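Side chains are part of it too, since the values below use all heavy atoms of this structure and drop only hydrogens, waters and symmetry mates. Given the structure is predicted, the values throughout are model-derived calculations rather than measurements. The sequence lines fix the lettering, A, B, ..., with proteins before strands; numbering per chain opens at 1.
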Number of protein chains: 2
Amino acid sequence: MASLADTRTEDPVALVERLARKARAAQRALAAMPGDAKAAALMHAAAALREDAEIILAANARDIAAGEASGLAPAMLDRLRLDEARLEAMAAGVEAVAQLPDTVGQVIDTVERPNGLILSRIRVPIGTIGIIYESRPNVTADAAALCVRAGNAALLRGGSEAVHSNRAIHAALVRGLAAGGIPPEAVQLVPTQDRAAVGAMLKAAGLIDMIVPRGGKGLVARVQADARVPVLAHLDGICHTYVHEAADPAMAREVVLNAKLRRTGICGALETLLVDCRYPFTGELVGALIDAGCEVRGDARIQALDPRVLPASDNDWDTEYLAAVASAAMVDGLEEAMAHIARHSSAHTDAIVTSDQTVAERFLAEVDSAIVMHNASSQFADGSEFGLGAEIGIATGRLHARGPVALEGLTTYKWQVRGTGQARP
Amino acid sequence: MASLADTRTEDPVALVERLARKARAAQRALAAMPGDAKAAALMHAAAALREDAEIILAANARDIAAGEASGLAPAMLDRLRLDEARLEAMAAGVEAVAQLPDTVGQVIDTVERPNGLILSRIRVPIGTIGIIYESRPNVTADAAALCVRAGNAALLRGGSEAVHSNRAIHAALVRGLAAGGIPPEAVQLVPTQDRAAVGAMLKAAGLIDMIVPRGGKGLVARVQADARVPVLAHLDGICHTYVHEAADPAMAREVVLNAKLRRTGICGALETLLVDCRYPFTGELVGALIDAGCEVRGDARIQALDPRVLPASDNDWDTEYLAAVASAAMVDGLEEAMAHIARHSSAHTDAIVTSDQTVAERFLAEVDSAIVMHNASSQFADGSEFGLGAEIGIATGRLHARGPVALEGLTTYKWQVRGTGQARP
């Protein structure tokens with residue numbers, strides 16, 4: 001591998017091309033490894049993270065000191081900071097991914113044709129995945145583990161504020177993986193903070209097969225705007241919960257408060273509450289939200305129910321607050337609720353609360369979001385909660401994978417055709 | 001709908017945006033239609049094509065006359081030309097698509113979580129599909145039928161040389177679909193030949209969900225280079241057949257001659273023959289190809305076997321001839337064959353002929369093309385031959401769908417979550 005001194009002067013496009021070619025070569029070996037061997041190598045990687053705890057925490061202390069000196073916001077410093085508990089969680093996360101069932105080699109379906117050809121679709125790795133992320137150094141381990149478990153190479157580009165932490169974590173990971181027989185070139189950390197390297201990754205069609213941005217809206221928006229490589233991501237989580245006239249009031253209250261307030265900063269948090277005009281307990285529901293510390297911005301009919309409701313502007317219906325703020329509108333039935341969602345939802349997660357099964361099934365069938373829910377908090381929109389073990393991200397695009405994406409979404413398939421000498425007539 | 005006069009002066013970007021918004025609105029209605037209703041509407045569309053036979057053939061005659069006057073090549077005129085048999089095949093094709101099993105609403109999997117949430121993934125339409133094609137007017141009917149069957153709206157942009165044919169076919173189709181309750185805005189023909197409209201379609205992210213180019217390499221390359229919308233396509237079909245030392249000579253001969261010569265112009269045709277250096281019948285095999293009218297361009301060891309073999313240049317290994325020409329190389333075993341394929345294949349279809357099951361399974365596992373075959377002609381790489389009923393195209397990208405793409409590839413999925421009031425702890 002070229003030294004850091006070399007890469008500092010190398011053209012970013014040439015650098016990314018060189019790294020990606022190495023990753024692709026290593027990925028061919030990885031793709032042919034049995035699932036048990038990949039799992040064992042990930043267990044080695046987790047052990048190496050624990051062995052290197054002092055080195056990693058010292059590297060992180062350098063990043064924290066630099067961040068404090070340059071005036072990083074407290075929230076950013078918190079995302080950047082590692083301690084023994086966070087490092088242990090990182091290692092345990094790698095072990096958890098190692099223990100997930102292998103998706104590579106799974107047979108999706110098999111059919112025998114009248115001419116005797118037997119066709120099977122089997123899952124195979126996607127290839128080389130580019131991960132572009134910000135200040136959280138745990139992404140280095142999480143994303144690498146998921147990519148490797150699914151037989152993919154990973155090209156990691158973390159934030160400049162985490163550069164020492166990421167180098168230390170990466171060094172431990174590849175040492176562990178190598179002990180398990182995985183070539184270190186399969187997991188590479190882009191060794192430059194030149195932003196042009198990100199641009200080069202986004203345009204590396206044919207060398208990088210998929211890009212996953214992990215971070216704030218600014219990062220995701222830039223990646224989606226500039227990428228020529230397919231991107232798996234969501235930009236917004238403008239999630240709605242519609243309380244139907246036949247909703248159980250206790251359930252509606254518990255589900256809505258949980259959806260908005262359990263954690264306000266996650267993408268599955270409720271941003272807009274829609275309430276049916278025939279639901280008799282809207283005043284109590286809105287009051288409970290406000291009593292629990294949530295600012296409510298309502299339309300005229302919601303404002304009339306509680307003097308503490310602030311007026312909503314047109315922008316509010318398209319705003320992801322990620323805070324203890326909700327917009328709230330009254331709608332004249334299911335159709336209007338679904339029309340509002342079709343217009344304003346970011347197609348992430350939208351929910352209905354109702355005891356009417358027919359209405360619920362129409363909502364689940366017709367609302368076209370990645371996740372649609374009946375009588376459940378939208379905060380469940382998460383790979384772990386869905387039983388996927390971990391997630392590389394949540395996707396609101398329409399192709400390949402939607403909603404929480406984990407190992408299956410990190411694979412594709414190929415057709416295997418087994419014949420006995422057939423020629424096409 | 002705006003008249004043709006209006007659209008001639010409308011900015012192509014605004015035009016495409018307007019059409020796509022109408023398509024999306026119509027697609028919402030289409031997505032909610034039962035499978036039987038969509039099938040019935042397609043049967044009406046097929047009947048309307050037959051009813052309008054005279055009108056369509058007259059329109060086609062205008063296109064043919066214009067093409068002859070402007071000096072279109074005979075092959076292009078042939079692709080453009082309709083007659084009663086071709087029109088009947090077009091109508092029958094729409095009926096065949098109507099009779100395919102509905103993929104929309106299929107449950108991919110269902111799981112119950114420990115907290116009682118029930119999660120299901122169900123197939124849903126992708127949304128609005130843009131089809132960009134050249135002189136074959138039958139694509140207007142084929143692509144529209146497949147899109148509609150899977151609940152998608154279609155934005156069709158055919159070649160300028162087929163403009164009258166396409167308008168007549170489209171008018172019949174939408175009249176038939178409307179008789180079956182499908183809004184005509186669900187299938188739209190872009191009413192301008194301004195090439196800027198194609199550019200606008202390629203950049204209409206968020207309005208068009210997927211682009212399928214149907215045509216020659218120039219069209220596909222332009223679409224892949226310029227699109228900001230996901231593209232489903234293949235650029236090249238550089239397909240290999242590797243004759244292993246343990247191949248049955250009669251089978252090798254039949255499979256190779258069929259793969260190369262049954263039809264030389266299709267994407268699944270053999271372009272490069274790889275023969276093991278220990279295969280005893282290479283001279284006979286190469287001679288049989290030449291005797292059958294195929295030009296063979298070989299490496300030094302192949303040239304030594306038959307004086308009629310021409311020397312291959314470096315370019316030959318990366319060339320899709322689509323003609324009675326093949327490149328041929330001798331390789332020192334399976335590893336070298338797979339390395340050659342990894343380097344030169346377009347990842348469309350690659351095949352092995354061998355009686356050794358262990359070698360065959362390694363080839364099927366390790367060659368990373370959309371389709372890998374054992375003891376079968378690569379000319380089987382086709383949606384109909386795969387039992388898919390029809391195909392919108394063959395994809396060599398890695399995400400969403402690979403190989404022949406039919407109704408399943410024209411759908412995506414969403415997660416339906418059914419709860420009983422669960423809040424996330």
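In this structure, the salt bridge (charged side-chain N to carboxylate O under 4.0 Å, His left out) partners of A:Arg424, at least two apart in sequence or on a different chain, are B:Glu385. By the side-chain hydrogen bond (donor to acceptor under 3.5 Å, both in side chains) test, B:His244 pairs with B:Thr354, sequence neighbours left out.
Residue A:Ala31: no heavy atom, backbone or side chain, is found under 4.5 Å from chain B. Residue B:Ala351 does not touch chain A at all, counting heavy-atom pairs closer than 4.5 Å. Interface residue A:Asp226: only backbone heavy atoms are found under 4.5 Å from chain B. With a 4.5 angstrom heavy-atom cutoff, A:Ser369 touches chain B only via backbone atoms. Proximity to chain B (any heavy atom under 4.5 Å) is restricted, for A:Met251, to the side chain, taken from C-beta onward. Neither the backbone nor the side chain of B:Val353 comes within contact range of chain A, judged by heavy atoms closer than 4.5 Å.
Of the listed residues B:Arg418, B:Arg28, B:Lys414, the one with more heavy-atom pairs under 4.5 angstrom with chain A than any other is B:Lys414. Of the listed residues (B:Ala225, B:Ala32, B:Gly206), the one with the most heavy-atom contacts under 4.5 Å to chain A is B:Ala225.
Of all residues in residues 115-124 of chain B, those placing a non-hydrogen atom less than 4.5 angstrom from a non-hydrogen atom of chain A are B:Asn115, B:Leu117, B:Leu119, B:Arg121, B:Val124. Chain B is approached within less than 4.5 Å, heavy atom to heavy atom, by A:Arg398, A:Leu399, A:His400, A:Ala401, A:Arg402, A:Gly403, A:Pro404, A:Glu408 from residues 397-411 of chain A, ordered by number.
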